[in-house]
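Structure record follows, encoded as structure tokens.
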Amino acid sequence: MILKVLKPIFAESASSLVNTTSAYPGTVLFKKEHWVVDAKSLLGVLALALQPGQEVEVTSDEGEEVFAAILELGFFEQK
């Protein structure tokens with residue numbers, strides 16, 4: 001799923017995102033350009049330095065539930 005960033009993902013928002021994805025036992029990955037990070041890793045998410053207008057691809061073996069949970073945070077919109 002391709003997501004467009006609506007709000008900068010720094011400290012508090014990155015923590016919320018990591019906590020949300022950590023609630024699921026499967027793998028959740030964020031891909032931006034040549035970076036691929038575990039969405040359950042705070043340092044990984046912060047390393048992406050996501051800014052409004054950028055796009056990130058999210059993949060998961062968890063199914064649609066994790067995508068819905070990520071979208072509910074309000075930091076992204078589906079492209």
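These figures come from a predicted structure and were not determined experimentally.
Taking each heavy atom of Ala14 and Val45 in turn, the nearest pair found is CB-CG1, 3.9 Å. For the pair Pro8 and Ser13, the tightest heavy-atom approach, listed with the atom from each and the gap, is O-OG, 3.3 Å. Of all the heavy atoms in Glu65 and Tyr24, the pair that sits closest is O-OH, 3.5 Å. Nearest heavy-atom pair across Met1 and Leu71 is SD-CD1, 4.4 Å.
In this structure a side-chain-to-backbone donor-acceptor pair under 3.5 Å is missing from Ser15 to Ala11. In this structure, Thr27 contributes its side chain and Ser60 its backbone to no donor-acceptor pair below 3.5 Å.
Just one residue in the list Val37, Val36, Ile2 forms a side-chain contact (heavy atoms from CB on, under 4.5 Å) with Lys31, and that residue is Val36.
The side-chain hydrogen bond (donor to acceptor under 3.5 Å, both in side chains) pairs that include a residue from residues 36-47 number zero, where partners must be two or more places apart or lie in different chains. The stretch residues 3-22 participates, sequence neighbours left out, in no salt bridge (charged side-chain N to carboxylate O under 4.0 Å, His left out) pair at all.
Checked against salt bridge (Lys or Arg N to Asp or Glu O under 4.0 Å), Glu55 has the following partners two or more places apart in sequence or in another chain: Lys79.
Note that the CH2 atom of Trp35 and the CG atom of Leu50 stand 11.5 Å from one another [nearest 0.5 Å].
A chain of hydrophobic side-chain contacts below 4.5 Å, direct or via other Ile, Leu, Val, Met, Phe, Trp or Tyr residues, connects Val5 to Leu46. Tracing side-chain contacts under 4.5 Å through hydrophobic residues (I, L, V, M, F, W, Y), one reaches Phe67 starting from Val28; they form part of the same cluster.
Inter-residue side-chain proximity for Leu48 and Ile9 is flagged as unmet; no heavy-atom pair is nearer than 4.5 Å. The side-chain heavy atoms of Leu3 and Phe75, taken from C-beta on, include no pair separated by under 4.5 Å. Residues Phe30 and Val58 meet the side-chain proximity criterion, which asks for heavy atoms closer than 4.5 Å.
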